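Here's the structure we're looking at; comments come further down.
Values reported hereafter were calculated over all heavy atoms of this structure, with side chains retained and with hydrogens, waters and symmetry mates removed. Reminder, nothing fancy here: chain letters follow the sequence lines and each chain counts from 1. A quick note: this is a predicted structure, and the numbers were derived from the prediction, not measured.
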Amino acid sequence: MTIARTPQARIRRLRRDALPADTETLARHLLGRFVVRTLDGERLVGRIVETEAYLPGDAASHAFRGRTPRNGSMFLRRGHAYVYLAYGSAWMLNVSSESADVGAAVLIRALEPVSGLATMARLRGDPPARDLARGPGRLAQALAIDRALDGLDLCAAGAIWLGESDGAPVEPGVSVRIGITRDADRPLRYYVPGNRNVSGPARLNRGMPGIA
DNA sequence: AGTGCGATTGACT
DNA sequence: GTCAATCGCACTA
């Protein structure tokens, strides 16, 4: 397998005090950054190519009805993992995004695999290469993400953290969020135009190759 | 204690 | 393109 475009070396951890202080800006900021997962001594790395913002007071957010045992990690100060199970089978990785006790997060929806592709493929059951981490449930499976990682500090060294490397900032494509029913018309989904690992229906992915 | 419903995916027409 | 599996969780009583 060959992956050329993205630099693998010299990924440094994101500093919490460098994270944008509001959820929407953080969701854009995370595009082009990296999720770094250490599993059995191996480093699995993916470049973030798709995110969604779940804002304070957002009716589509799990935090909308207040703090519960499940969504507690959304109320940690920005930069912590909120991991939950959707539809009984798919784990979702989010990054808490506001001050402590506010309740908001950015959903990581897709990664471009960078390192550890063989392990990711094994964890995923050898799917087509393009689908390794295309979609929130798939990326969690590729990186062995589950409830055990809920609440971890993604700005600290450990089993999973957020990183960045050198490179031009990404100008995101924007669309409505996928798979929600309430507040479904708000443009809070962001993606890297043209990236093959972006999920979602073609009509939402303007700027992708072959799409008007 | 019972019920309804997903921030999805994979299989199938 | 359509569609159902699947189960934890929040909500009602």
From CG (A/Asp185) to CZ (A/Arg177), nearest 0.5 Å
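Taking CG in A/Asp185 and CZ in A/Arg177, the distance rounds to 10.0 Å.
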Kindly compute the distance separating CZ (A/Arg28) from OH (A/Tyr191), expressed to the nearest 0.5 Å.
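Those atoms lie 11.5 Å apart.
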Distance-minimising heavy-atom pair for A/Leu139 and A/Ile108:
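Smallest heavy-atom distance, with atoms named: CD2-O, 3.3 Å.
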Nucleotide by nucleotide, 5' to 3', does protein get under 4.0 Å of the base (B), only the sugar-phosphate (S), or neither (-) in nucleotides 5-13 of chain C, counting heavy atoms?
-BBSSSS--
What residue among A/Arg47, A/Arg15, A/Arg10, A/Arg33 forms salt bridge (Lys or Arg N to Asp or Glu O under 4.0 Å) with A/Glu164?
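Exactly one pass, corresponding to A/Arg33.
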Same cluster for A/Val174 and A/Val192 if Ile/Leu/Val/Met/Phe/Trp/Tyr side chains link at under 4.5 Å?
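Yes, A/Val174 connects to A/Val192 through the hydrophobic network.
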Quickly work out the [X] [atom1] to [N] [atom2] distance and round it to whole Å.
X	N	atom1	atom2	result
A/Arg130	B/dG10	CZ	P	14 Å
A/Phe64	B/dG6	CZ	C1'	16 Å
A/Ile180	B/dA7	CD1	P	8 Å
A/His62	B/dG6	NE2	P	10 Å
A/Trp91	B/dG6	CH2	C1'	15 Å
A/Arg124	B/dT8	CZ	C1'	11 Å
A/Leu188	B/dA7	CG	C1'	12 Å
A/Leu139	B/dT8	CG	C1'	12 Å

Check the phosphate of B/dG10 against A/Arg138, side-chain N and O only, distance under 4.0 Å to OP1 or OP2. Yes or no?
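It does, given that an N or O in the side chain of A/Arg138 lies less than 4.0 Å from OP1 or OP2 of B/dG10.
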Check whether any side-chain N or O of A/Arg109 sits under 4.0 Å from OP1 or OP2 of B/dT8, and answer yes or no.
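Result: yes.
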Note every stem involving DNA chain B: at least three consecutive Watson-Crick or G-U wobble pairs, i with j then i+1 with j-1, with both distances under 3.5 Å.
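DNA chain B forms these stems: B:1-6 with C:7-12, B:8-12 with C:1-5.
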Under 4.0 Å between any heavy atoms, over every strand shown, what does A/Arg182 touch: base, sugar-phosphate, or nothing? Just pick one.
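Counting heavy atoms under 4.0 Å across all strands, no contact is made by A/Arg182.
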Should the pair A/Asp101-A/Arg77 be classified as a salt bridge under the 4.0 Å nitrogen-to-oxygen rule?
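Result for this pair is no, no salt bridge flagged.
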Run the salt-bridge test on A/Asp153 and A/Arg78 with the 4.0 Å N-O cut-off and return the result as yes or no.
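No.
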Is A/Thr23 close to A/Glu98 at the side-chain level, that is, under 4.5 Å between some pair of heavy atoms?
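Sidechains of A/Thr23 and A/Glu98: in contact.
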Among B/dT8, B/dA7, B/dT9, which is the nearest nucleotide to the side chain of A/Ile178?
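The nucleotide sitting nearest to the side chain is B/dT8.
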Name each donor-acceptor pair under 3.5 Å that joins a side chain in residues 125-137 of chain A to protein atoms two or more places apart or in another chain, with its distance.
unit_1: A/Arg130; atom_1: NE; unit_2: A/Arg196; atom_2: O; d: 2.9
unit_1: A/Asp131; atom_1: OD1; unit_2: A/Arg134; atom_2: NH1; d: 2.9
unit_1: A/Arg134; atom_1: NE; unit_2: A/Val198; atom_2: O; d: 3.3

